[in-house]
Amino acid sequence: MPKPILEVWESLKRMADKADAEAIERIARAYAAGYSRVDPQVQALTEQLNSLTTAGQLTTARLQRTAAYKNLVNVITSELDDYSAYLRTEVTTEVTESGKRGLNAGTVLMIGALAFALGVESKDVPKDAVQTGDTTLSYLSQYLDPAGELFKRINGLSNYHGEQIAEGILERVAQGQNPMTIGKWITDAYGVGLTDSMRMMRTAQLYSYRQANRDIQAANGDVLQGVVWCTELDGLTCMSCVAMHGQVFDVGEICDDHHNGRCVMLPWVKGEPNPIDKTGEDWFNEQSEATQRSMMGNGKYDAWQEGKFNFDQLSNTYQDDVFGQMRGETPLKNLLGDD
Ligand SMILES: [Zn+2]
């Protein structure tokens, strides 16, 4: 018996997640190594703040003239510059590798969908039944353009975060915060750059994978009824993705999921039933009230119970400079309208 397409997708997804996670771990290690060079300067600044405080001489103007402050700002800027250069290389490699995995996965899904329709094993689907289409990953030039939005974001890491930290220290001194608190804040603020870069890397990987998957589906449009949004449903899934699960789109539409989103479009072969037989809404209706409340939040849960909005309104679109149209969960105030 051939496997249902959802099962084929689950094993492909596990492979993609593993490969993506390895890349994310590499960039996190590089970031931590950079911080190990920043940390001694944070300690030196904390000591400087302590001694100026004890001497009753702590002002922002005075602090800005100290070697401790200048050294810290310089080392943060140079570490983040180095990290940006490293990240450009990693993103280039990973987005390309993700695209190749997406092409492969798109092909495996098409073969799996046809096998299921024909009632044969995947290996028995005729080789020429699935079109490969454009395998050059031409869309990559858009993401990997040195003057493009993705690289602009990566290059902005050091300027943006360096400035935020340099100014944040002075603001906190002006507010009279104690040196230990300021030192702790610097460490946390430095960590924000890692969170940002992990989100960029992960989303770029996922979009490259989905673009390749979309290209394969477009090349096989003549045998497809459409494509179906597929979400991994669990208690942590956002309500936008729950609402999208099972929704049908034209062949060639990309899965425009939010940052870090794990959804995909599955092929729906002509003459076959929708590969997703239970929608996200049906799944959600079967969950306990406690799960529904924790997933929606109490405000939305109550409004939903009172029939103030339709389930599919939980997902809405927005524009992102790097990835174009993306989906996210509709805020409660938008669900309730202006009144
Ligand atoms: Zn989501």
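We count ligands from 1, going down the list as the structure has it; atoms in each ligand are counted the same way.
Residue G183 comes nearest to V42 through the heavy atom pair O-CG1, 3.8 Å, listed as atom of the first residue, atom of the second, then distance.
A perpendicular orientation is assigned to the rings of Y139 and Y143, their planes being inclined by more than 60° (bins at 30° and 60°). By the 30° and 60° cut-offs, the orientation of the rings of Y83 relative to Y31 is perpendicular.
Only protein N, O or S atoms were scored, and 3 of them lie under 2.8 Å from the Zn ion (ligand 1).
Between the N285 side chain and the E281 main chain, a donor and an acceptor come within less than 3.5 Å of each other. Side chain of N274 to main chain of D277: no donor-acceptor pair is present (N/O by atom type, distance under 3.5 Å, no hydrogens or angles).
The side chain to side chain donor-acceptor pair (under 3.5 Å) check on D250 picks up nothing, with sequence neighbours excluded.
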